[in-house]
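These notes concern the structure reproduced below.
Residues take their numbers from the sequence shown, with the count starting at 1.
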Amino acid sequence: MGILSTPYAVKQGGWLGLVILAVLGALAWYTGILLRRCLDSKEGLETYPDIGHAAFGTAGRIIISIILYMELYACCIEYLILESDNLSKLFPNAHLTIGSLTLDSHVLFAILTALIVMPTTWLRDLSCLSFVSAGGFIASIVIVSCLFWVGLVDHVGTVKSEGTALNLPGIPIAIGLYGYCYSGHGVFPNIYSSLKQRNQFPAVLFTCIALSTVLFAGAAIMGYIMFGESTESQFTLNLPPNLVASKIAVWTTVTNPITKYALTMTPLALSLEELLPPNQQTYPNIVMLRSALVVSSLIVALSVPFFGLVMSLVGSFPTMFVAYILPCACFLAILRSKVTWYQVLLCVFIIAVGLCCAGVGTYSSLSKIIQKYH
């Protein structure tokens, strides 16, 4: 999803804003390594909340759990908004009338998506989901390739101006959008714990973030060159619907959340299942709980259907904490006796940057969302 909004992020922050993307990518890799160091520091640490408990006790576990699961839950909401926007673009006249109630295309497709992803959330083994989510990465490459094809081969999109070098008022929104691109840290500990060869994690993480950053930057530059100030919050909404490459891009975008939703929701579902009494942790109850999570995310998605602003809010608040601030804080707390002075300086720098980005980005995103209702 981050790929789809990177051209919009350039529109908001200007060309120089792409520096933020590169910096956040480098810092995301480093903080991912810090999470691994935390997991290896003690026996029995497997999840992000486990790290929080090792660092700051029960309060650390609770605070990190709330922020982490807020982020993952918000990502699932974004998946539903994404589906609703793109499918309603494909089928703008689709509707469903039930008695006196008529569901327009946006609402109808959000509900249909929720019904489709619901069975995938019933899987309990992340290794099963890993094969499904691999399709999501392929989808990302296909979407960016289609964008380049539409621009370079079909010659769609002409921008009269060269764009803005730096748009300071839009930088807070751009920070949130770029931050969202690296919002995978919540799942890193679960993935690391399930790896057969854990020593490969740093290389795997570097490869993932490097490839992702290249895709993000490529889409950002091409999309903004093509559509300029008319760039939508998702570049698929700018693509002419009659072209083959456009149809491939939109349909690939539509399939992507279906492959990612369950992987994103699983850590939250697992944590809630642990709160159930042992005799209530039966499969039917687990299915009911996970289904309820899907339904609740659908209700929020229909209530706040602003893809770009919700993404910026998530990227500004929970993502800044989960991906940048908390890994550094936990690392300094757990390994304080082994930390070198330059590691302390780097961690303090990352925490300071994260807090600044969280502050300005959250305020800007919330204020713009509130304006939408006035």
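What you find for Leu298 and Ala114 is that their closest heavy atoms are CD2-CB, 4.1 Å. When all heavy atoms of Gly13 and Ile171 are compared, the closest pair comes out as O-CD1, 3.6 Å. Closest of all the heavy-atom pairs between Tyr324 and Cys328 is O-SG, 3.4 Å. Considering all non-hydrogen atoms of both residues, Val107 and Ser84 come closest at N-OG, 4.4 Å. Nearest heavy-atom pair, Trp29 versus Pro202, reported as atom, atom and distance to 0.1 Å: NE1-O, 3.4 Å. Residues Leu45 and Ser193 share a closest heavy-atom pair of O-OG, 4.4 Å.
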Pairs of donor and acceptor atoms involving the side chains of residues 359-366, under 3.5 Å and at least two apart or interchain, shall be tabulated with distances.
{"from": "Thr362", "atom 1": "OG1", "to": "Ala358", "atom 2": "O", "distance (Å)": "2.6"}
{"from": "Ser365", "atom 1": "OG", "to": "Ser312", "atom 2": "OG", "distance (Å)": "2.9"}
{"from": "Ser365", "atom 1": "OG", "to": "Leu313", "atom 2": "N", "distance (Å)": "3.4"}
{"from": "Ser365", "atom 1": "OG", "to": "Gly361", "atom 2": "O", "distance (Å)": "2.8"}

Donor-acceptor contacts under 3.5 Å from residues 242-254 side chains, at least two apart:
{"from": "Ser246", "atom 1": "OG", "to": "Pro240", "atom 2": "O", "distance (Å)": "2.7"}
{"from": "Thr252", "atom 1": "OG1", "to": "Ile248", "atom 2": "O", "distance (Å)": "2.5"}
{"from": "Thr253", "atom 1": "OG1", "to": "Ala249", "atom 2": "O", "distance (Å)": "2.7"}

Please tabulate, for side-chain N and O atoms in residues 33-42, each donor-acceptor pair with protein atoms closer than 3.5 Å (sequence neighbours left out).
{"from": "Arg36", "atom 1": "NE", "to": "Asp40", "atom 2": "OD2", "distance (Å)": "3.4"}
{"from": "Arg36", "atom 1": "NE", "to": "Tyr192", "atom 2": "OH", "distance (Å)": "3.4"}
{"from": "Asp40", "atom 1": "OD1", "to": "Tyr192", "atom 2": "OH", "distance (Å)": "2.8"}
{"from": "Asp40", "atom 1": "OD2", "to": "Tyr192", "atom 2": "OH", "distance (Å)": "2.9"}
{"from": "Ser41", "atom 1": "OG", "to": "Cys38", "atom 2": "O", "distance (Å)": "2.6"}

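Hydrophobic cluster membership of Trp341, counting Ile, Leu, Val, Met, Phe, Trp and Tyr whose side-chain heavy atoms lie under 4.5 Å apart directly or via other members: Tyr342, Leu345. Side-chain contacts under 4.5 Å among hydrophobic residues (ILVMFWY), followed directly or transitively, place Trp149 together with Val153.
Between the CD atom in Glu273 and the OG1 atom in Thr266 there is a gap of 8.5 Å [rounded to 0.5 Å]. The line from CZ of Phe109 to CG of Leu82 is 13.5 Å long, rounded to the nearest 0.5 Å. Between Thr121 atom OG1 and Ile286 atom CD1 the span is 11.5 Å, to the nearest 0.5 Å.
Counting only N and O atoms by type, the side chains of Glu78 and Tyr73 include no donor and acceptor under 3.5 Å apart. Side-chain N/O atoms of Tyr79 and Thr113 include no donor and acceptor closer than 3.5 Å. At a cut-off of 3.5 Å, with distance as the only test, no side-chain donor of Thr102 or His95 sits close to an acceptor on the other residue.
Annotation: Phe331 is not in aromatic contact with Tyr30 [ring centroid separation under 6.0 Å not met].
Contact annotation: the side chain of Ile20 never approaches that of Cys357 to less than 4.5 Å [non-hydrogen atoms, C-beta and beyond]. Side-chain contact between Val304 and Tyr373 is present, with heavy atoms from C-beta onward closer than 4.5 Å. Between Glu229 and Tyr224 the shortest side-chain heavy-atom distance falls below 4.5 Å. Taking 4.5 Å as the limit, every side-chain heavy atom of Tyr180 sits out of range of all side-chain heavy atoms of Ser5. Contact check for Leu72 versus Val322: no side-chain heavy atoms found under the 4.5 Å cut-off. Counting heavy atoms from C-beta outward, Ile350 and Thr31 have side chains that approach closer than 4.5 Å.
Linking ILVMFWY side-chain heavy atoms closer than 4.5 Å, directly or via other members, places Ile62 and Leu276 in two distinct hydrophobic clusters. Placement of Leu166 and Val23 within a single hydrophobic cluster is found when ILVMFWY residues are connected by side-chain heavy-atom separations under 4.5 Å, directly or transitively. No continuous path of ILVMFWY side-chain contacts below 4.5 Å connects Phe148 to Leu237, so the two sit in separate hydrophobic clusters. By the criterion of side-chain heavy atoms lying less than 4.5 angstrom apart, applied directly or through intervening Ile, Leu, Val, Met, Phe, Trp or Tyr residues, Ile63 is grouped together with Leu332 in one hydrophobic cluster. One hydrophobic cluster, built from ILVMFWY side chains closer than 4.5 Å, cannot hold both Leu27 and Val204; they sit in different ones.
For residues 51-76, every residue pair satisfying the salt bridge (Lys or Arg N to Asp or Glu O under 4.0 Å) rule, not counting sequence neighbours, is listed here: Asp50-Arg61.
In this pair, Phe321 and Phe317 present their aromatic rings perpendicular. The plane angle is above 60°, beyond the 30 to 60° band.
Formation of a donor-acceptor pair under 3.5 Å by the Asn238 side chain with backbone atoms of Glu232 is found in this model. Between the side chain of Lys89 and the backbone N or O of Leu239, at least one donor-acceptor pair lies under 3.5 Å. Put simply, the side chain of Thr319 never gets that close to the backbone of Ser316: no donor and acceptor are under 3.5 Å apart.
Screening Ile141, Leu215, Leu147 for a side-chain contact (heavy atoms from CB on, under 4.5 Å) with Ile3, the sole residue that qualifies is Leu215.
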